[in-house]
2 protein chains.
Amino acid sequence: MLDERHPEMVSDEQAQNLAELFKALGDPTRVRIISLLIGRELCVNDLTVYLQMGQSAVSHQLRYLRNMRIVKRRKEGKTVFYSLDDDHIEQIFRQTLKHLEHH
Amino acid sequence: MLDERHPEMVSDEQAQNLAELFKALGDPTRVRIISLLIGRELCVNDLTVYLQMGQSAVSHQLRYLRNMRIVKRRKEGKTVFYSLDDDHIEQIFRQTLKHLEHH
DNA sequence: TCAACACATGAATAGTTGCTCATATGTTTA
DNA sequence: TAAACATATGAGCAACTATTCATGTGTTGA
């Protein structure tokens, strides 16, 4: 059933990049952080309150998300505000939620 | 900056489900399997050839994807054909690829 | 300037994951 | 029925991950 003529949608490099991004979204804490940041800015302390988690854990995840360019930060005095880096992630969330509804 | 009036897009349960699905997509081997299955059926052996991986590894991943209802199987004699369970995953892939292009 | 505050970071660790190896199950053909 | 074939599965293991703990950095106000 090997069919060399079949067009493959993603190259190996694209597969790698897709997997990296999905992995970033593949953790409940990070999903909750992202969903809390949809449509607004929040500082680290707000996130720890919403998430009911240690400040360190939250900061570690925020660094991860920042390295992946999923969130960005803005400093204002002592506090640091985080927000989504672009709105594509929100689109992906919406589409995926739609998928989950149908199951 | 806590704002109780802000509508949260996803509940904790939805966050859990989203994370579970994204985690399933968050591995290069599984991404490649899914992308190979877009638009066609393939048997386990074909996948091992394309992926250049051991048959056992591929079967394990297929079981995982099947448990997640991302792929389904169809038996025909000795061989088992796998295909995508629905086309939502393809949509999610396309949207995410678009996101990656813009970075 | 010093204490309090907000956040970041490195090390350590328990839990998870993806692969390999060996073997089992089910099917076809000689 | 036995051998060959296609796939599935359990155990084991090395690599990775998410959190906690302790501490560091930068900022503000007394």
Side-chain angles (χ1 to χ4, degrees), chain A residues 1-2 12 15-37 41-83 85, chain B residues 1-2 12 15-37 41-83 85:
Chain A
M1 319 304 160
L2 286 171
D12 284 7
Q16 191 71 41
N17 293 336
L18 274 176
E20 241 176 81
L21 179 57
F22 285 134
K23 193 191 292 185
L25 306 179
D27 173 82
T29 298
R30 290 194 291 272
V31 166
R32 294 180 68 208
I33 289 174
I34 292 169
S35 81
L36 285 167
L37 292 180
E41 271 187 336
L42 288 176
C43 69
V44 178
N45 185 62
D46 291 345
L47 287 169
T48 66
V49 172
Y50 278 127
L51 298 169
Q52 287 288 70
M53 289 181 50
Q55 174 263 315
S56 180
V58 176
S59 274
H60 278 297
Q61 296 293 11
L62 286 169
R63 179 169 54 169
Y64 183 141
L65 291 171
R66 203 159 71 90
N67 288 339
M68 291 297 297
R69 294 169 178 265
I70 292 172
V71 304
K72 61 181 184 231
R73 24 185 240 170
R74 179 178 71 81
K75 228 178 151 180
E76 192 176 319
K78 285 184 284 193
T79 78
V80 178
F81 292 95
Y82 281 85
S83 57
D85 198 8
Chain B
M1 314 300 163
L2 285 172
D12 283 6
Q16 191 72 41
N17 292 336
L18 273 177
E20 237 175 85
L21 179 56
F22 284 134
K23 192 191 291 187
L25 306 179
D27 172 81
T29 298
R30 289 193 290 272
V31 167
R32 294 179 68 207
I33 289 175
I34 292 168
S35 81
L36 285 167
L37 292 180
E41 271 188 337
L42 288 177
C43 69
V44 179
N45 185 62
D46 291 345
L47 287 168
T48 66
V49 172
Y50 277 127
L51 298 169
Q52 287 289 70
M53 289 181 51
Q55 173 263 318
S56 180
V58 175
S59 274
H60 279 297
Q61 296 292 12
L62 286 169
R63 178 170 54 170
Y64 183 140
L65 291 172
R66 203 159 72 91
N67 287 339
M68 292 294 299
R69 294 167 178 265
I70 292 171
V71 304
K72 61 178 184 236
R73 29 183 236 169
R74 179 177 71 81
K75 228 176 152 181
E76 190 175 321
K78 285 183 285 192
T79 80
V80 178
F81 292 95
Y82 282 85
S83 58
D85 198 9

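The structure displayed is predicted, hence computed values, not measured ones. Residue numbers start from 1 in every chain, and the chains themselves are labelled A, B, ... in the order their sequence lines are given, proteins ahead of strands.
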Could you check which of [options] has an atom nearest any side-chain atom of [X]?
X       : options               : value
A:Ser56 : D:dA8, D:dT27, D:dT20 : D:dT20
A:Asp27 : D:dA18, D:dT7, C:dT27 : D:dA18
A:Met53 : D:dT28, C:dA8, D:dT19 : D:dT19
A:Gln55 : D:dT7, C:dT28, C:dA8  : C:dA8
B:Ser59 : D:dA8, C:dT9, C:dT28  : D:dA8
A:Lys78 : D:dC5, C:dC19, D:dT27 : D:dT27

Quiz item: Which part of the nucleic acid, if any, lies within reach of B:Arg66 when heavy atoms closer than 4.0 Å are counted: base, sugar-phosphate only, or nothing?
Solution: nothing
In whole angstrom, what separates [X]'s [atom1] from [N]'s [atom2]?
X       : N      : atom1 : atom2 : value
B:His60 : C:dT16 : NE2   : P     : 18 Å
B:Ile33 : D:dT7  : CD1   : P     : 13 Å
A:Tyr64 : D:dT19 : OH    : C1'   : 15 Å
B:Leu42 : D:dA6  : CG    : P     : 15 Å
A:Leu62 : D:dA18 : CG    : P     : 13 Å
A:Leu47 : C:dA8  : CG    : C1'   : 15 Å
B:Arg63 : C:dT20 : CZ    : C1'   : 14 Å

Any side-chain N or O of [X] below 4.0 angstrom from OP1/OP2 of [N]?
X       : N      : result
A:Arg74 : C:dC7  : no
B:Tyr82 : D:dA8  : yes
A:Lys75 : C:dA6  : no
A:Lys23 : D:dT17 : yes
A:Gln61 : D:dT19 : yes
B:Arg73 : D:dA8  : yes

Quiz item: In this structure, which one of B:Lys75, B:Arg74, B:Arg73 forms a salt bridge (Lys or Arg N to Asp or Glu O under 4.0 Å) with B:Glu41?
Solution: B:Arg74
Self-check item: Contact summary for A:Ala24 and A:Arg30, nearest pair of heavy atoms
Solution: O-NE, 2.7 Å
Quiz prompt | Heavy-atom side-chain contact between B:Leu25 and A:Leu25 under 4.5 Å | solution = no
